[in-house]
Every structure is written in C-alpha cells, then in structure tokens.
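Letters go in sequence order (proteins before strands), and every chain restarts at 1.
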2 protein chains.
Amino acid sequence: MAKILKMPLEPLSRAAATTAPQDVLREDAATFEVLRQMREDILCCVLKPDQRLRFGELRQRYDTSVGTLREALSHLVSEGLARTEAGRGFTVAPVSLADFLDLSELRVYLETRTLADAIRHGTDSWEAEIVSAYFLLSKLGPPMPDDPVGVKREWGKRHKRFHDSLVATCTSPWSLHFRSELFDQARRYHWLTMIHARSRRPNEHLALRDAVLARDVDLSCRLTEKHIRTTVDQAVSEVPGLTMDRASGRSIRPSRRNKR
Amino acid sequence: MAKILKMPLEPLSRAAATTAPQDVLREDAATFEVLRQMREDILCCVLKPDQRLRFGELRQRYDTSVGTLREALSHLVSEGLARTEAGRGFTVAPVSLADFLDLSELRVYLETRTLADAIRHGTDSWEAEIVSAYFLLSKLGPPMPDDPVGVKREWGKRHKRFHDSLVATCTSPWSLHFRSELFDQARRYHWLTMIHARSRRPNEHLALRDAVLARDVDLSCRLTEKHIRTTVDQAVSEVPGLTMDRASGRSIRPSRRNKR
DNA sequence: GTAAACGGTTTTTTCGAAATTTTCGAAACT
DNA sequence: AGTTTCGAAAATTTCGAAAAAACCGTTTAC
C-alpha cells in the first residue's frame, strides 16, 4: 500500500525533488516555535530596534532553555533581524531610513523578477490561491492606527499571504528565498507605518491582483514597483522617527536601468 | 571624557553607525571558528553533497560540543549550505545543475549591480586593494586538477578576495550581503570545476581588473556577466556529475532585460 | 583632577548528560 | 512471501549548570 519505495542507496548528488536553497528550519521542533515567535515579535516591534536581548528575560518570556534560545537568535542574525558582537550578546537589528531605502530598491528587482516568472508559469490553482488570498485581505484592510494590535497582526499575515501567493509559481528558488527575506525585513517598516500613517491609499492590491490574473507581466511589474515605492514614500513622510536620521540616506537606485 | 552619553531610554530607531544587515557572526568566539571550518569543508567538498552530518563524527572532527555544533549547523542551514529535517539531523546541501544555473543567473544581476555602484564610489585605497588582490591571484592561478589541494584552496581564497575587492565600495549593504552568499554558493561548483576541468581560459580577471580601474561601468559589467556565464558553461561541459540530473534544468534567465 | 586598578556582580559562552525521537532488524501474523 | 508489530540501539533534541568573560561602581595612585 501507499508506502514510499525503498531506494538502493544515496545516489551521491541526486537530483533532489526540491533543489531549493532552504527556507525555514523544521516545522515542528521546539526551536522553530521559539524562532517563529521571536521573529514575529521583532517584526511587530514588541522587541524594539536596538533593544538588548538578554538570555534571562528571553528565557522567561519564551519559556525555554539557553541553548534553544541561542539557536533561534543565531538564525535571526542570519536573517538580519538581530545582531551579535564578540562577547556582549544579542540585540534587535536597528531600523533606519537608509536601510529601508536600500532594501526597498532591491525588493523592486526581486519582486518583479519573481512575479514575472511566476506569471509565465502560472496554473489554475495558483490563480485560485491568489483569488482566495486577496479575498481574505480585502475583508480586513487597510488597518488604521487606532485598530487593535490583533487586527494589525492579522492584516500583516494576510498581506504576506497575498504577496506570497502572487509569486508562488516562480521557478527560481534562490530568487524566492531572497525575496522572502527582504519581504520580512520590509514588514518591520510596514508595521511602523501602520502605527503612524493616517493617509489612505487607493486599492493597489486589487489592481495588482487583476493585472496578475490577466497575465499582464509588464503592468504587474509596474504596479509592484509603484506599490513598493509608494509604501516607502508614505513611511518617510508619516513615520516620525524615520526621517530624522540623515545617515547617508541615499540608496543606489540604478540610474541606468538597462545598462547594455 | 570619551564615554558614550547615557541615553534617556531607547530612542526607538536611532540612526546606527552601521545600518548594514549583517555578515558574519563574531570574529573570535569558538562557534565562529567551527562555522568557518565547516563552511570551508563544505565549499571544498570535504563534506560531500547530501552527506549526513552526525553529531558524533562532527564532535570528534572539530573537537567541540554538541551545542556549539548545533549553532554552527544552524547557521549553515541559513546560508543554504546545509539542510535539516524534523528529527533526523543535518545533511550537506545537495548540488545540482538546476541549482547552479539558478544561482548563477541571480549572481549576474547582483555582481553587476554591486560592481557598478562600487565603481561609482571608488576611492584610491579601493583601487590599491584591487591591484594588490589581483597581484596575489595572478601569482598563483589558474589551478589545474593535478595541483595539490592546498594550492587549490589558496587560489580559492585569493579568487574570493579579488572579487570582494572589486565591489568593496558598493553602498548597498543588502546587495553586498546577498552577493556574498551567492558567491560562496558558487564556490562549491567552482571547486568541482577545478577538480575536473582541464581546459584553459583567457585571463578574464586581468581584463576585468583593467576595466574596473578604468572606471568603465559598462565594460566591467559585461565582462563580469561573461565571466559568470563562461564558468557555468565550463562546469556544465567538463564536470561529469553535473550534466546528469535533468531535473527541470531551466533557469529563469529573463528574456527581456529591460522590462519597462 | 584624571586615569588606572581592583573586585563583586551580572551576562554570556560552553559543555556534557538526560530525555525524546527515530531507525533498523527480528519475530509474529495474515 | 509479504506485511505489520515490537523492542533494542543509535541519533537527535533539549536542558541547566559550570566556566569564562564583560560590566560597573569604587578605590587608589599619580
């Protein structure tokens, strides 16, 4: 009956079903749960930028051991959500305008690259998931500063799910991987925006959904680019702390797009 | 006195001196040394693709404890050099043609993006380091399959140093970070090439060096792109194991470069 | 008055053993 | 014969304590 066939041995560099780089630790293990919680707490600024992460407090907060914490923190450092120095422990990664501009520029490329490929390889179930994810998103948003935290959190989850669904059929594991990391990074700044920004924006997600479902690569990418850039502009103009640091706030927005 | 002023509280998003994402753990700590060694061993295929990494053997090989090993392995998973599954430990990440093609395509973009920006922000000391790094590289290479392992390793180090020096003045921390990760990934395949390939190539590094020192962005990027693609082609045609797996070996090489 | 030196306290880092889970082969059953 | 069940062995995961390092307020010397 439905059992996996026994393989002779390790074919020594077999073509894995998923040649993907990696994406997440293991779904169940205890370390993963701690990692997931800490990531969420950093993304939602429960753990504030530059905050010192002492093992004592963390051990209490997440009810786990030092070793497990260390492994989770180690992962967060790799993802760029935490920092660590020689012998003085861990801190939450700082936020800055320069950082937001930099990562947003790279996001424009990775989001459009993955989206274009995803559209070309789209399937029916891909479309179905997009429709579904958009529906859930539209039922909620957009959240305003006065909304309770729970609503904001849920919106964040659905927002991520929607954008993930768009690029789900992209065939480049590495592009998807980096896109995902940068998307999470951007979520920190989105959270700050959600807390402060009061201005409303036209429903960019609906337009994007329709462009993608229409398989219009050019329009979809243009909308995506604008979506990202608008979010940056909104954050810059409406989030108090973010305009203050003038630390080399220029990004490398490529002046000539098509260089050859 | 030169002491850091006490801050009232957490300024909630101060402009950090280095807004960089991250790059490496801590320079000294024992974990870092183990991580460095393991990474090198994976890159040079001392630990072979798909090989199971048991704590028993590893503990003996690197003379360290389980916890330290776990932290290092955890990092390697984040970097895509290892995998881990629910309760069955760690393995070395597999290699495949599809993976090499995919990461190489993304490398073309990231290398040219960072290089173009680095050239625009180049300084005298940047040029000096390039000259120096090239000199060291040219004294050694290129290594042939018959050369001893030590020579190959040293060449790999100098090759990396040369390419790192080219992009050193790039102002985008995120681009540099991802570039660096992908460069290391590519090193695994370069190693396979070094072991097998007997064909000679014209001195692409010299031409690249001169184009960069001449601040010719266009030419430098074109040479870089060709450099990466040629390496892929050489690996595909001369590394035995790499052509065998036909697992969806197509990458997403963007058909239209300038989308808008 | 400034700077270096000291020691107690906190915090991080490292370690190996206990607990849990998986693996694998043999026995029992259909 | 083939499949399932069971139990011993092996490997992984988790944990808290011991060791090492950094921090900070105080004292001491110049």
Residue-phosphate contact under 4.0 Å: R59(B) side-chain N/O, dC15(C) OP1/OP2: no
Nearest-angstrom distance from the residue atom CZ of R54(A) to C1' of dC23(D): 11 Å
Under 4.0 angstrom between T64(B) side-chain N/O and dC15(C) OP1 or OP2: yes
Residue T31(A), side-chain atoms from C-beta onward, closest of dT11(C), dT14(D), dT14(C): dT14(D)
Gap between atoms CZ and P, on F32(B) and dT13(C) respectively (whole Å): 14 Å
Closest-nucleotide 5' rank along DNA chain D - winner of S65(A) and R88(A): S65(A)
E71(B) CD to dT13(D) P, straight-line distance once rounded to whole Å: 15 Å
Touch class at under 4.0 angstrom, heavy-atom based, for L58(B) against every strand present: nothing
Smallest separation among heavy atoms of G80(B) and A93(B), with atom names: O-CB, 3.4 Å
Side-chain heavy atoms of F178(A) within contact of L182(B), under 4.5 Å: yes
Under-4.0 Å side-chain N/O to phosphate OP1/OP2 contact, T68(B) with dC15(C): yes
For atom CD of E33(B) and atom C1' of dT14(C), their distance in whole Å: 16 Å
Rounded distance (Å) that lies between atom C1' of dT12(C) and atom CZ of F55(A): 7 Å
Interatomic distance, L53(A) CG vs dT11(C) C1' [rounded to whole Å]: 13 Å
Whole angstrom value for the distance that separates P of dA11(D) from CD of E57(B): 8 Å
Earlier contact from the 5' end, DNA chain D, for G67(B) and G56(B): G56(B)
Rounded interatomic separation in angstrom, taking CD from E85(B) and C1' from dT13(D): 15 Å
Carboxylate-amine/guanidinium contact D50(B) R83(B), below 4.0 Å: no
Options dC15(D), dT12(D), dT12(C), nucleotide nearest the side-chain atoms of R52(A): dT12(C)
Closest listed nucleotide, where the reference is the side chain of R70(A) and the choices are dT13(C), dC15(D), dT12(D): dT13(C)
Candidate pair R179(B) and D164(B), rule salt bridge (Lys or Arg N to Asp or Glu O under 4.0 Å), full reasoning: CA-CA 10 Å; R179(B) 185 209 78 94; D164(B) 281 353; 2.3 Å; yes
F90(B) side-chain proximity, nearest of dT14(C), dT13(D), dT14(D): dT13(D)
Plane angle bin for F55(A) and F90(A) - parallel if under 30°, tilted between 30 and 60°, otherwise perpendicular: perpendicular
Candidate nucleotides dC15(C), dT13(C), dT13(D), ranked by approach to the side chain of V66(B) - the nearest: dT13(D)
